[in-house]
Enquirer: 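Once you've had a glance at the structure underneath, I'll fire off some questions.
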Amino acid sequence: MKEDLWHNFHIQLSAHYVVIFSMCIADYGLLRLLNNYLPYSKNIFYRVVADIAGITLICLALLWLFNYLIYEILLIPEAGLPPFAVKFAFAMAANIPILLVFELIYYFQSEQKAIADSEIAKRKVLLFQHETLRSQINPHFLFNSLNVLSSLIYISPDNANRFTKALSKTYRYVLSLTRQPLVSVGEELDALDSYIFLMRMRFENSFTFNVDRKADRKNSMIIPLTLQLLIENAFKHNVATEESLLHIQITIDNEYIKVENNLQPSNDAEKGGIGLEYIAEQYKMHAQAVLIEHSEKQFTVKIPYIQP
């Protein structure tokens, strides 16, 4: 018996390599399947149960396949060979470490990807803050604000004082972004009051602005400056005169904050700035989607709430 085993050693060794290689392929397929449909983030217990059930089925399937090849195709007699239970135990003992290695590799790759994604998200937030600040302190904004302020100093000193305070509050809110990745709806609306006051001093009676609070969501969280930037875009891309009023409406309901304005395209609209794409990117990083509805007469943006 020993001489026969040694004589067929190269065949048995090759068979073992084939079995291990088959297990590796099957385990890798199982890992890919579970990562897609039952990742650890959903339920760790069910994932472990699925791993055990998966390798059990893999071992049973491989044992059936190789038994069929050995006994039915190669016609090797069963005498002297270990029983099915022993072979199954050895298969499980060999398969568990294989799957464990794959799981560890996947875990460390996921950790590295999560760290990389976190760094990318931080860079995008910093870029968003930089672009937002730049859009607020661009020469046009400062030039227009200083022009309005210089006029108010002679016409209405009280309004000039209020304008200066509103401008200061607006910049202070922008500069606080580094400490506030998310703000409440109440904070955003409070900061928006100062910005709307600046726009009223600049455009006077050329626009209407209204906030419709259909739901009490003042403590819900959104990206800072979202509302201000959307209103800024409305002024930037539309005509606002006393003859052609620009109507801006903010509606707060349970699912979204809706910002809408009538369309009166301006031929000399300013280019550049933060843009709607930056806002959409910020919400995408929080697994939320900004909805845009565009018709011939109306432009609407729906902003979702973010769970902190």
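Since this is a predicted model, take the numbers as computed values, not measurements.
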Enquirer: Compare every heavy atom of Leu198 with every heavy atom of Leu167, then report the nearest pair and how far apart it is.
Expert: N-CD2, 3.7 Å
Enquirer: With sequence neighbours excluded, tell me which residues meet salt bridge (charged side-chain N to carboxylate O under 4.0 Å, His left out) with Lys218.
Expert: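 Once residues adjacent in sequence are excluded, Lys218 has no partner under the salt bridge (charged side-chain N to carboxylate O under 4.0 Å, His left out) criterion.
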Enquirer: Residues two or more places apart in sequence or in another chain: which of them pass salt bridge (charged side-chain N to carboxylate O under 4.0 Å, His left out) with Lys297?
Expert: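 For Lys297, no residue satisfies salt bridge (charged side-chain N to carboxylate O under 4.0 Å, His left out) once neighbours in sequence are set aside.
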Enquirer: Using the salt bridge (charged side-chain N to carboxylate O under 4.0 Å, His left out) criterion, which residues pair with Glu293? Sequence neighbours excluded.
Expert: Lys302
Enquirer: Check the side chains of Gln249 and Asn210 for a donor-acceptor pair under 3.5 angstrom, ignoring hydrogens and angles.
Expert: yes
Enquirer: Count I, L, V, M, F, W, Y as connected when their side-chain heavy atoms are under 4.5 Å apart, and connections chain through other members. Are Tyr106 and Val101 then in the same cluster?
Expert: no
Enquirer: Could you pull out all residues at least two apart from Phe299 that satisfy ring-ring contact (aromatic ring centres under 6.0 Å, His included)?
Expert: His294
Enquirer: Is the side chain of Ser168 donor-acceptor paired with the backbone N or O of Thr164 at a distance under 3.5 Å, no angle test?
Expert: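 The answer is no, because no donor-acceptor pair under 3.5 Å joins these two groups.
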Enquirer: Spell out, as yes or no, whether a donor-acceptor pair under 3.5 Å connects the side chain of Glu188 to the backbone of Leu227.
Expert: yes
Enquirer: What's the shortest heavy-atom distance between Pro304 and Tyr283, and which atoms?
Expert: O-CE2, 3.4 Å
Enquirer: Would you confirm whether Asp253, through its side chain, and Ala215, through its main-chain N or O, come within 3.5 Å as a donor-acceptor pair?
Expert: no
Enquirer: With sequence neighbours excluded, what pairs up with Asn35 under the side chain to side chain donor-acceptor pair (under 3.5 Å) test?
Expert: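 Scan of Asn35 (side chain to side chain donor-acceptor pair (under 3.5 Å), adjacent residues dropped) gives Arg47.
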Enquirer: Would you say the side chain of Ile252 lies within less than 4.5 Å of the side chain of Leu189, judging by non-hydrogen atoms?
Expert: yes
Enquirer: Indicate the atoms forming the closest heavy-atom contact of Gln264 with Asn238, along with that distance.
Expert: N-OD1, 2.8 Å
Enquirer: Going by the rule side chain to side chain donor-acceptor pair (under 3.5 Å), which residues pair with Asn205 if we only count those two or more places apart in sequence or in a different chain?
Expert: none
Enquirer: Phe203: what forms a ring-ring contact (aromatic ring centres under 6.0 Å, His included) with it, not counting sequence neighbours?
Expert: Phe235
Enquirer: Check Leu246 against Ala240 and note the closest heavy-atom contact, atom names and distance.
Expert: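 Minimum heavy-atom separation between Leu246 and Ala240: CB-CB, 4.0 Å.
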Enquirer: What are the two closest heavy atoms between Met201 and Leu152, and how far apart are they?
Expert: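 That closest heavy-atom pairing would be SD-CD1, 3.9 Å.
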Enquirer: Please enumerate all residues that pass salt bridge (charged side-chain N to carboxylate O under 4.0 Å, His left out) together with Asp212, with sequence neighbours excluded.
Expert: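 Checked Asp212 against salt bridge (charged side-chain N to carboxylate O under 4.0 Å, His left out); zero matches.
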Enquirer: Looking at residues at least two apart in the chain, or sitting in another chain, which of them share a side chain to side chain donor-acceptor pair (under 3.5 Å) with Ser150?
Expert: none
Enquirer: Starting at CG of Leu225, measure out to CG of Leu230 and round the result to the nearest 0.5 Å.
Expert: 10.5 Å
Enquirer: Tell me if a side-chain donor or acceptor on Asn262 pairs with a main-chain N or O of His247 at a distance below 3.5 Å.
Expert: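 Side chain of Asn262 to backbone of His247, a donor-acceptor pair under 3.5 Å: yes, one is there.
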Enquirer: Output yes when a side-chain donor or acceptor of Thr226 lies under 3.5 Å from a complementary backbone atom of Ile223, and no otherwise.
Expert: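 Yes.
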Enquirer: According to the salt bridge (Lys or Arg N to Asp or Glu O under 4.0 Å) rule, which pairs have a member within residues 92-102, sequence neighbours left out?
Expert: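 Matches after skipping sequence neighbours: none remain.
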Enquirer: What's the spacing between Thr170 OG1 and Leu192 CG if we round to 0.5 Å?
Expert: 9.0 Å
Enquirer: Please find the pair of heavy atoms, one from His286 and one from Ile306, that lie closest to each other, and give the distance.
Expert: ND1-CG2, 3.8 Å
Enquirer: Sequence neighbours left out, what passes side chain to side chain donor-acceptor pair (under 3.5 Å) with Ser184? Give chain and number order.
Expert: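 Scan of Ser184 (side chain to side chain donor-acceptor pair (under 3.5 Å), adjacent residues dropped) gives Glu187.
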Enquirer: For residues Ile231 and Ile196, determine if any side-chain heavy atom of one lies less than 4.5 Å from a side-chain heavy atom of the other.
Expert: yes
Enquirer: For residues 156-170, pull every pair meeting salt bridge (Lys or Arg N to Asp or Glu O under 4.0 Å), keeping only residues two or more places apart or in separate chains.
Expert: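 Pairs touching residues 156-170 that pass the test: Lys169-Asp190.
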Enquirer: Going only through I, L, V, M, F, W and Y residues with side-chain contacts under 4.5 Å, is there a path from Ile248 to Leu245?
Expert: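 They do not share one cluster, since no chain of ILVMFWY contacts under 4.5 Å joins Ile248 to Leu245.
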